[in-house]
Amino acid sequence: MSDQNQQPYELSDLYRIRHTAAHVLAQAVLALYPAAKLAIGPPIDNGFYYDFDLGLDDDGRRRTFKPDDLPWLEKRMRQIIAGKHPLVYREISAAEARQLFHDQPYKLELIDELSHSGEPISTYRQDSFEDLCRGPHVAHTGQIAPDAFQLMSIAGAYWRGDENRPMLQRIYGTAWPHKQELKAHLHMLAEARQRDHRKLGRELEIFILDDEIGPGLPLWLPNGNILREELERLAREMEDAAGYVYVSTPHIAKEALYLRSGHLPYYEDEMYAGMEREGATYYLKPMNCPFHHKIFGSKPRSYRDLPLRLSEYGTVYRYEQSGTLMGLLRVRGQTQNDAHIYCAESQLAAEFSAVLALYRHYFALFGIDKYVMRLSKHSKAGLGKKYVDDETMWLKMEDLIRQVMISENVPFVEADDEAAFYGPKIDVQIWSAIGREFSIATNQVDFAQPARFDLTFTNEQGVSEMPFCIHRAPLGSHERFIGFLIEHYAGNFPVWLSPEQVRVIPITDAHQAYAAELTAQLRATGIRAQAMVGSERMNAKVRQAQQMKLPYMLIVGDQEMADGTVSVRERSGIQQQGVAVAAFVQHVKGVVDGRSPHL
RNA sequence: GCCAGCUUAGCUCAGUCGGUAGAGCGACGCACUCGUAAUGCGUAGGUCAAGGGUUCGACUCCCUUAGCUGGCUCCA
């Protein structure tokens, strides 16, 4: 990614620099904490990290790095770098390796794995520090620019990412060939903070989070609610055209429903605890599907009714781990662009492709050109635990999706052990302008729940048959998608999405009546407009409207009042005076109706 | 959930060595009536996240809790 030439990152000089920087960091840490146990220290995007186990302190608590350690370690690293120590490679036997790392339990675990797999075991040594490593590295430590790396943060990290294993201390660093690139990277991080949806969400009055409401439960302000409504309108138009019908379902249901759906056995950890009333236990719904299944099953269905596409912007609640909550990206209550398509097995492929077409339409509309589709599959080990126990079906459905993706020419990657409990799925990952990943859309095949709900239809032969179900959510949830859009557009929403499309700014009090009349006229045509009264000077009003990133400002004074025109200032700063009101309205309507990505 | 850090006015942030708080913006009021990114003056606004402890005295030190932020296998 950060590589200018075409060679893969793993073979680049930068990869070597970062890898060696990680070793230098480890050497520095051993100088500060001689008893530290080393885990792993790989290069990563933009830098490197190294994981350490610092042992226990005098009170028997796990010792941790202190923020003050970082400057000390950086200084020590520069000393090591200045020594221009060569990186010396050698291959050793497993026995030698065990001897060499006899007091390094994490290394011993790695050595065991390596010796089992038969891979060669090697080390790199610089100065007095020798580390188990396959490389590659730079020739000597002097090849790391002392002013082009920086230690960034301290974090806890489980050994091998497994929460049942020890919590290690991780230090993240960033490293670059030259000082300029480091500065550019730090600058980019600062820019990203400006564009963060949490910051813009507050500044543009889109949503807030309130401690007393609860973590991960956003409140949508009037501006944010307009974004939701516009997205729902869009979805509604697309789905009407694609033959969906709309339903509405409650937010809670009795235990029995989730026992039947399988959510309670498979998904309980992610559900809010039950509420008891008159001997019955109710749960907040973590998914909309069981409700839609009930609607499908509410009357006898014929093959003529299929595919039946039930759609709902449904609100679901999931108890996400507190540490994973983040702005609108990971929340505990969200409203999903949900639908369930019930169809015969023979219709599955066609329906799956139709949903993919919907995705492509949305991506084009929002200018999302970088995305990855993941085919998330079951794992053999998870059958009967995380996944319904029917391996034949899993393999069959995974292959069906694979074939559709191939025939539709949609690039995708495959991931084991990431499916829903009721079937395999396609997940779509997109990246906002600041590089944050958003897993938004999902498209799942369900062969388990229709059986659990005894769903049937009568086929052409008059025989009862079980339908399949496709769960799909191309626009994900409002929370995630709007979080994405805020960063994607940096708050400069296209006009059709802009909560306030036009702000009318009178130059003096004498022009207020004209401004009010204009605003009423604009509103009558469906344009979201507001007059800005108040005693600030016009300049201040313009500034405020710019800060709110409003697409159009209409400035009206004597001139405009006299000839019934407006002076148009676009968000970009472009101005045009003496514009006829009708012409302006026509322009805005055109841009809005076409959902133009530009002004 | 786990690790670390943070939490001072609506927002962004100062606050020295422990002696009970400040600024800018915003809000409100008054004056100004102005041509494309900040008019001036004034007023109000704080249980320093919450609870407990140490101390003559705590925003400041210690403990607990809550919330937020960065992380939690881009494999030696």
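Each chain gets a letter, A, B and so on, in the order the sequences are listed, and its residues count up from 1. Keep in mind it's a predicted model, so treat the numbers as computed, not measured.
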Under 3.5 Å for both distances, Watson-Crick or G-U wobble, that's the pair rule; now give the dot-bracket for RNA chain B, with | marking pairs to another strand and [ ] for crossing ones. (((((((..((((.....[..)))).(((((.......))))).....(((((..]....))))))))))))....
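Using a 4.0 Å heavy-atom criterion, one finds that A/Glu320 contacts no nucleic acid atom at all. Within 4.0 Å of A/Gln544, counting heavy atoms only, lies no atom of the nucleic acid at all. Across all strands shown, A/Gln169 has heavy atoms under 4.0 Å from sugar-phosphate atoms exclusively, and none from any base. At the heavy-atom level, A/Arg62 lies nowhere under 4.0 Å from the strands shown.
Cation-pi check for A/Arg332 over A/Tyr319 is met; the charged atom lies under 6.0 angstrom from the ring centroid and within 45 degrees of its normal. Seen from the ring of A/Tyr158, A/Arg165 does not count as a face-on cation partner, given the 6.0 Å and 45° thresholds.
Take A/Thr519 and apply the side-chain hydrogen bond (donor to acceptor under 3.5 Å, both in side chains) test, not counting sequence neighbours, and it matches no residue. Remark: A/His19 engages no residue in a side-chain hydrogen bond (donor to acceptor under 3.5 Å, both in side chains) (not counting sequence neighbours). With sequence neighbours left out, A/Tyr124 forms a side-chain hydrogen bond (donor to acceptor under 3.5 Å, both in side chains) with no residue at all.
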Could you list the protein-to-nucleotides 39-42 of chain B atom pairs, N/O on both sides, closer than 3.5 Å?
from	atom 1	to	atom 2	distance (Å)
B/U39	O4'	A/Arg537	NH1	3.0

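Look at A/Arg569 and you'll find a side-chain N or O under 4.0 angstrom from OP1 or OP2 of B/A37.
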The contact string for nucleotides 63-76 of chain B, one letter per nucleotide 5' to 3', using protein heavy atoms under 4.0 Å with B, S and - for base, sugar-phosphate only and none, comes out as ----SSSBBBBBBB
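Across B/G52 and B/A58, the matching C1' atoms stand 13 Å from one another, rounded to whole Å.
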